[in-house]
Each structure stands twice: as C-alpha cells, then as structure tokens.
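Chain identifiers are assigned alphabetically (A, B, ...) following the order of the sequence lines, protein sequences preceding nucleic acid strands; residue numbering begins at 1 within each chain. Nothing here was measured: the structure is a model prediction, and the numbers come from that model.
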Number of protein chains: 2
Amino acid sequence: MINKNSPIPIYHQLLEYIKCKIASGEYPADELIPSEREFSEKFQISRMTVRQALNNLVQEGIVYRQKGKGTFVSRQQVEKKISRLNSYTEEMIERGLKPSSRLVQFDILNSDKALSNILKIKENDPIYFIKRVRLADSIPMSIESIHVSCDIAPNLNQSVLEKSFFDYVNANIPDPIQYADQSIQARMPSEEEAQLLEIPPNCPVLAIYRTTYLRSGKVLEYELTVYRADRYKLVHSLSRTD
Amino acid sequence: MINKNSPIPIYHQLLEYIKCKIASGEYPADELIPSEREFSEKFQISRMTVRQALNNLVQEGIVYRQKGKGTFVSRQQVEKKISRLNSYTEEMIERGLKPSSRLVQFDILNSDKALSNILKIKENDPIYFIKRVRLADSIPMSIESIHVSCDIAPNLNQSVLEKSFFDYVNANIPDPIQYADQSIQARMPSEEEAQLLEIPPNCPVLAIYRTTYLRSGKVLEYELTVYRADRYKLVHSLSRTD
DNA sequence: AAGTGGTCTAGACCACATT
DNA sequence: ATGTGGTCTAGACCACTTT
C-alpha cells in the first residue's frame, strides 16, 4: 500500500490510496474517513505527512475538514465537473470523437499593438501564428488561430503541431498553465471561415477568444477558435463562492 | 512584525507581511524573495511554518517556486476572476448597464418527462414557468425562461420577479446555491425570439441552458436564456488544476 | 561546494466537538 | 475525558541549480 522506498513521495501514495477508497465506495460521500492520527499509525508515517496528503485532497475538492469532527468525503459528482481547462484533443476524446487537425498557416509575424498588449510583450516582438482546422471524425469542427510569443515557446515547429499543443507546452515549458480567460460570442462566419468549416454562409458560429496564463503570470497564448454551431456546444460548470 | 503571542497564526502574519512587501514594490514581480531558511532565521520561526505561509501564497497565485532556485513574485497581481455564478442583475450592474425586465408569461404547469428528469421531481409535478425579457438600458438583451419546482420555491409570485430571482432565492430558500451546469450554443432565433429581442431573423443568438443546484444536491431551476449576439458576449475564467 | 525548495520525522500545545 | 483538526518546532536527507 505505502512503500517508503518508492521514489514516489509518501504523501502522494497516501493521496492516491484515499482516492481509490473513495472511488471504490469504501469511503462514501459525506462520510468520515479515518483521522490523521489513524493514518499516521496505520502506515507508520508522520502525521505531518498525512496532512500533506489531505491538504492536497482538500485543495482538489475531494474531501473537506471540520474542526473537532474529522475529515469528510465531498459529494463527488460536483467536483468532477468543475470547469477545467482542456485541450481540444482531450475534449474530443472525452466526447468519443476522433480528433485530428489540418495546418492552414504557420508563420512568424511581428505583433501589432493590440496583440503585444494581450501577450504582455513589446510591440513588433516576433510571435508564432498558427492556424489549424480541427476535425472530429474527419469532419471540420473548428478553426483555431493561436498567437504565441516566440520568446515563451522555444523550438516550436510544424511537426509539434501534429499532436496536442498542450502536450508540447507541458513537455517544453516548466512554468505550468494555470488559468484562462474566455470570451464567447455567437456570430455569422466570414467567407473564409464558412469555407474552411464547410458550412453555408448563413449558418452561425461560436467564437471563443481565449487568453491562457502560466503560473508565473506570463501569457502563454492568445487564441481564437471558431466552432461550427451545428456540431459544437460548449459545456461547463460554474460555482457560487460567496 | 511577527508576534508569537498574537492569536493570529504565525504563518498568517508572515503571509500578510509578504503580501505587503509585494504591494509596496519591495519584492518586485519576477524577482526572488528571501529563501525559506532566511525567513525562518529572521523571524525565529520554524521553516515548516514559513512553508505554510508560502504554500498559501502559491495557492493564491501570488508567488511561485522553482526547485533549486527559489521563490519568485508572480507577475500578475490582478485578482483572478474565477468563474462565478451571477444573477443577470449583478452582471449588468457590473457592466455599467441598467437592468430591468418585462414579464411575458407566468404560469403553473405540470412538468413533462424530460423536465421532471432534469429537476429531479416526479412527472406531472407542478412547476412555475416564468418567461421574461431582460433589458439593459431599456433595450432588449435576452429572453429568460425559468422552470422551478413549486415544491422548492414557496410563495413565488409576480411581484417577486420585479427584482432579482437570486435575491428571492437567498431570502426564501435556506439551502444555498452551490453551482450550475451550463451548455452554450449559437443558433438562429425562432420567430418569437426575434420579435421579443427586436432583431432581424437572420441575426444569430447565444442560447444558454443552465441547471442550478443547491448545496443539498437538489435542483433549484432549469433555465434557458437566449441572448442577442450583437449585444452580449459571455466572459469567464477557467482553471487548470492538474 | 553552497544554497534552494521538496519531503519527512516525532514530538508538542491549542480550540473545538462529542460523549 | 477523549478525539479531532490547526498550528508549530527543530531537526533531517534529497534533488536540483548556480557558483
């Protein structure tokens, strides 16, 4: 169960152990789980290490604590769906569709004033501009236009884009993605958009403008994605945290 | 600076101390702050206590760490707008517009199969059906159709709807709102929708389907809101919590 | 080699809730 | 009175980065 000689930290092993118990129903929702001291004694580890595992689970919304009472399992169905930032690839697989993409444009451009403002770089600093048609089961789903500062994305090339941009980021940029701001609009497609999406010009599209930030606060990318409205709806969760 | 006899935990005092230094510019963005051991020695507190302060700041996105290097100030001190669940009234005021509404329909109906499923009630159980045109600065912005189980919303009447439905809920339902699932689509308006929104029939709309849940897990309401795409865009934040 | 954050220990006292 | 989570200590070893 817990292997002290494993290269995996003990708190992480315990965290996974508890997650399993919750998934299997052994620790049901709204029920107490063993106390910190119980875990500490059972696995012969320090209570502080147990707390580190539990702190992570609290942060993930998997469990919650009550002073003097104990630690409880959260209602799972809520936590799972809280809006996450997913890549196109992840999203399509989740929906049971086969993702692919077709590169339309790959250029290095100089940023104009508006863009440099968004990306928090100097005007005329070089950026990658990448335009791709995203397909699901070989049918056009969306057009994705990505703007990334060359400074922030080393060694970005066409072959990288065959796969997930997120995977590239995770592998090549140590600073992790933290959050994104999105703005969503309904509008009619431009002529080029209608053609790339293979839809009639009187069919509306969903336009999503996204700015993605890293943990350091740096801007990773500014992205516009235009979705076929007949094939795509955006699903997400909101929480009310008064 | 740090008072060990204060009822305020030491880690919290240190956390506020660091926040102040950042706000005053003494710890500038992207710059190193003192190491954990420095804080520990300077204030004569345990390094674990320093870590607790720093962990909280990392969680808030105020600082970030790099193994072997140190702890840095994040670039963006702007408070992140984690997607919140707001009422129409709140949202419009935030955008600097004057909200109002015009009641189109107020009825008690029997729920059909699909609706009873969503609201988690029995088929044919009575529901309130409320349709309102929402205005901003006296111009139609959206059409809101709310479905609420009569069981869950006592004393709901037309006069309540002059104001915010959220305010009514907060005042009359002890179980607080916890979260909502939304599905967002772009589409063309129906004839009735175009007429109520005072837009031409070839102008697209943003259709948002929302199910709102209470902390107990009960469903508060199922709502369809149809927005004029030319006057409304949806803005929100997503976080990536790996 | 020196410094950093990451992990871990084996204790301790506190405020709080339950019995 | 007992058990719980919340806070805190004074050490320790590790992997990593920089000098």
Task: Minimum-distance nucleotide (side-chain atoms of A:M48 versus C:dG5, D:dT9, D:dT4) - done: D:dT9
Task: Distance-only donor-acceptor test, A:R51 side-chain atoms vs D:dG5 base atoms, 3.5 Å - done: no
- [ ] Specify the separation, in whole Å, of atom NZ of A:K69 and atom C1' of D:dG5.
- [x] 13 Å
Task: Interatomic distance, A:N5 CG vs C:dT7 P [rounded to whole Å] - done: 17 Å
TODO: Nearest whole angstrom, please: distance from the P of C:dA15 to the CD of A:Q66.
DONE: 20 Å
Task: Protein-nucleotide distance (B:Q52, atom CD; D:dT7, atom C1'), rounded to Å - done: 7 Å
Open item on the list: Expressed as a whole number of angstroms, how long is the span from A:N56:CG to C:dG6:P?
Closed with: 12 Å
Task: Atom-pair distance (CG on B:L14; P on D:dC8), nearest Å - done: 10 Å
- [ ] Could you check which of D:dC8, C:dG6, C:dT9 has an atom nearest any side-chain atom of B:R37?
- [x] C:dG6
Task: B:F165 ring center within less than 6.0 Å of B:Y88 ring center - done: no
TODO: Rounded off to whole Å, could you give me the CG-to-C1' distance for the B:L54 and C:dG6 pair?
DONE: 13 Å
Open item on the list: Rounding to an integer number of Å, can you tell me how far A:E36 CD sits from C:dC16 P?
Closed with: 17 Å
